[in-house]
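To keep things clear, I will list the structure first and then write my remarks on it.
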Number of protein chains: 2
Amino acid sequence: MAATILIVEDEPAIQELISYNLRNNGFIVACAGSAEQAKIMVNDVLPDLILLDWMLPGTNGIDFARYLRQGARTKVIPIIMLTARVDESDKVSGLEVGADDYVIKPFSPRELVARIKAVLRRRLPEASDEIVETGGLKLDPATHRVTVTDRADKSKLIEVNLGPTEFRLLHYLMTHTERVHTRGQLLDRVWGDHVFVEDRTVDVHIRRLRRALEDVGKDDLIQTVRGAGYRFSYQCEVDIP
Amino acid sequence: MAATILIVEDEPAIQELISYNLRNNGFIVACAGSAEQAKIMVNDVLPDLILLDWMLPGTNGIDFARYLRQGARTKVIPIIMLTARVDESDKVSGLEVGADDYVIKPFSPRELVARIKAVLRRRLPEASDEIVETGGLKLDPATHRVTVTDRADKSKLIEVNLGPTEFRLLHYLMTHTERVHTRGQLLDRVWGDHVFVEDRTVDVHIRRLRRALEDVGKDDLIQTVRGAGYRFSYQCEVDIP
DNA sequence: TGTATTTGTCACAATGTTGTAATGTTAGCT
DNA sequence: AGCTAACATTACAACATTGTGACAAATACA
């Protein structure tokens, strides 16, 4: 997760309060004291969400939100408005400029965090739900199930039990078959970009995945390419006599 | 489940007519006389479905529908268009902006209700109050009852006693089976997205639901998917020894 | 008003998962 | 064959996630 949140708030006390709470909840926080400062920071920080005070000195919150909605890069960033007023007309303007939610001061830190999480959740693309089917294996991200579909007795699907990492690893391999992936590439794509993990760890997870697939006789789908990495392949191996 | 319907219609007579009929059919009704008013109400009321007049003063129906489809929160709300015209080009625009159905004026109240129910059934199964029956469990939203229907002795129904939240949770799960739901998704859909509770609270309610189902031997319908969430499934898991 | 039910949260237990290191195997080379 | 680097396998402790019972606050109900 570790989403980055930009707080645009002129009052230092509130800024500090929010900042503290968000950090405590695992967010990365950046602060701006004015819309002008925020304009600069947005392009530096590229936040995943912006907490925006309604009333700001200089450019006010609404104008800044409108500005954000114009930039190609910034218009996709969700905005949560912080407001002391509960005016109907405020709600309208807020929603019109594309605020995703608004929180009325005073608010509890927990409420704020909950709303942030809710907004982030809605923004995230429903991580490709498509069923992948290769080499007699079927992986369904929606139900989080891996089943064997090969044998004649199609009525009885056998389920393969995998841990979270093995599941992601298999998903990645099944959506990128017939290609060799170095350990580094797998770490980047399956574990995440900036994770510090030993290359050798991949071996272990490949092993775990293979063991799970052994039970259903599908472990030969994952092949080792010496000196390069691993490959998921349905093609028969060609032996030279 | 007493779905909430927002009527957006400028003519008071028609508004009243529809409103009266929907209330009679057990719906909760909110009314707006213009798109502008509706914009505000949508976020307050969070309706399960919107009945939208094609021709409105100010912002017209299509533009409003388009606006709704932009909001992350509102884009999932089903829309039924009300129109006096039967123009082909109208149909097209209606479908383009994502209307789920359209009703041509004048319409019979019965037809309108039928269409609403049809759309709800398709888009929001848990909001329609049809009886759900899955995996040997029968849940009746109208009478608020859950019974076991499995065993041969069909004359003797056993009732499962659930608290309100457990009931809603089970209802949601039973109308969305086989799919993994994260705690966050369950909070959004079962608790409502303006409610703020800890993620882990879901665990506790799952536990309560399971305990209630234990009594009738149905607790294995609710499965934990580690690192992902929970799933309601009547498919037997086949593990390899 | 008192009583029962429901609800959200917490603390701790139980369980599963993960990364690493140590050790065993294999493939490719001379 | 012997050597070596690359890979496989295993074990394990640290870590994360989930299960569970208890509790107090909120709520409904009589």
Side-chain angles (χ1 to χ4, degrees), chain A residues 1-2 24-26 108-111 113-114 117 144 146 160-171 180-188 190-192 194-215 219-231 237-240, chain B residues 144 146 160-171 180-188 190-192 194-215 219-231 237 239:
Chain A
M1 193 110 176
N24 263 357
N25 278 276
S108 77
R110 175 144 42 176
E111 177 186 349
V113 170
K117 284 187 179 168
H144 219 268
V146 180
V160 182
N161 221 331
L162 297 175
T165 306
E166 280 77 57
F167 186 87
R168 265 178 292 135
L169 178 57
L170 180 59
H171 190 191
V180 181
H181 308 281
T182 67
R183 292 173 176 74
Q185 284 166 348
L186 288 174
L187 284 178
D188 279 354
V190 178
W191 272 253
H194 307 295
V195 186
F196 174 67
V197 177
E198 292 288 324
D199 270 16
R200 294 259 141 251
T201 298
V202 175
D203 296 28
V204 179
H205 282 276
I206 287 282
R207 160 70 179 139
R208 285 168 180 158
L209 185 49
R210 275 175 175 158
R211 182 155 51 197
L213 294 177
E214 257 172 33
D215 298 338
D219 57 304
D220 54 344
L221 289 171
I222 294 169
Q223 297 157 10
T224 304
V225 180
R226 211 181 163 75
Y230 298 98
R231 175 178 55 193
E237 286 193 42
V238 183
D239 288 321
I240 300 163
Chain B
H144 220 264
V146 180
V160 183
N161 216 335
L162 296 176
T165 306
E166 279 78 55
F167 185 86
R168 263 177 294 135
L169 178 57
L170 180 59
H171 190 193
V180 178
H181 309 280
T182 66
R183 293 174 175 74
Q185 284 166 349
L186 289 173
L187 285 178
D188 280 353
V190 177
W191 272 254
H194 54 288
V195 179
F196 307 103
V197 293
E198 295 286 323
D199 272 15
R200 293 299 311 281
T201 298
V202 175
D203 295 30
V204 178
H205 283 274
I206 287 280
R207 160 74 179 134
R208 286 167 181 161
L209 185 49
R210 274 175 175 159
R211 182 151 50 194
L213 293 177
E214 256 172 34
D215 299 339
D219 57 303
D220 54 344
L221 288 171
I222 293 168
Q223 299 161 4
T224 304
V225 181
R226 210 147 222 281
Y230 296 99
R231 174 176 58 192
E237 279 197 43
D239 285 321

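Since this is a predicted model, take the numbers as computed values, not measurements. First the proteins, then the strands, lettered A, B, ... as listed; each starts at 1.
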Output yes when at least one side-chain N/O atom of [X] is less than 4.0 Å from OP1 or OP2 of [N], else no.
X	N	value
A:Arg210	D:dA8	yes
A:Arg207	D:dT9	yes
A:Thr224	D:dC7	no
A:Trp191	C:dG19	yes
B:Arg226	C:dT15	no
A:Tyr230	D:dA6	no

- Message: Closest-nucleotide mapping onto DNA chain C: is B:Pro164 or A:Val202 further toward the 5' terminus? I mean the 5' end.
- Response: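 Checking each residue's closest nucleotide, the 5'-ward one belongs to B:Pro164.
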
- Query: When you match B:Val204 and A:His205 each to their closest nucleotide on DNA chain C, which lands nearer the 5' end?
  - Reply: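 Closest to the 5' end, via its nearest nucleotide, is B:Val204.
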
Whole-Å distance between [N] [atom2] and [X] [atom1]?
X	N	atom1	atom2	result
B:Ile222	D:dT20	CD1	P	12 Å
A:Glu198	D:dA6	CD	P	15 Å
B:Arg200	D:dT20	CZ	C1'	10 Å
B:Leu162	C:dT5	CG	C1'	14 Å
A:Asp203	D:dA5	CG	P	17 Å
A:Arg183	C:dT20	CZ	P	14 Å
A:Asp199	D:dA5	CG	P	17 Å
B:Asn161	C:dA4	CG	C1'	14 Å

- Item | Heavy-atom donor-acceptor pair, B:Arg211 side-chain to D:dG19 base, under 3.5 Å |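 Between D:dG19 and B:Arg211, which were checked side chain against base, a qualifying N/O pair under 3.5 Å is absent.
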
- Kindly say whether, by distance alone, the side chain of A:Arg208 makes a donor-acceptor pair under 3.5 Å with the base of C:dG19?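 Yes.
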
- Any side-chain heavy-atom pair of A:Thr224 and A:Arg210 under 4.5 Å: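 With C-beta onward as the side chain, the pair touches.
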
- Query: Does the side chain of A:Asp203 reach to within under 4.5 Å of the side chain of A:Tyr230, using non-hydrogen atoms?
  - Reply: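 Yes, at least one pair of side-chain atoms sits under 4.5 Å.
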
- Task: Remember a base hit wins even if backbone is also touched, and classify B:Thr201 as base, sugar-phosphate or nothing at under 4.0 Å, heavy atoms.
- Result: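 Since a base atom lies under 4.0 Å of B:Thr201, the category is base.
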
- Just by modelled atom types, is the B:Val225 backbone N or O under 3.5 Å from a matching donor or acceptor in the B:Arg231 side chain?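 Pair absent, no side-chain N/O of B:Arg231 close to backbone of B:Val225.
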
- Query: Is B:Arg168 reaching over with its side chain to a backbone N or O of B:Val190, donor-acceptor style, under 3.5 angstrom?
  - Reply: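 Yes; at least one donor-acceptor contact below 3.5 Å.
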
- Task: Could you grab the distance from atom CG of B:Asp219 to atom CZ of B:Arg207, nearest 0.5 Å is fine?
- Result: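 The CG atom of B:Asp219 sits 9.5 Å away from the CZ atom of B:Arg207.
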
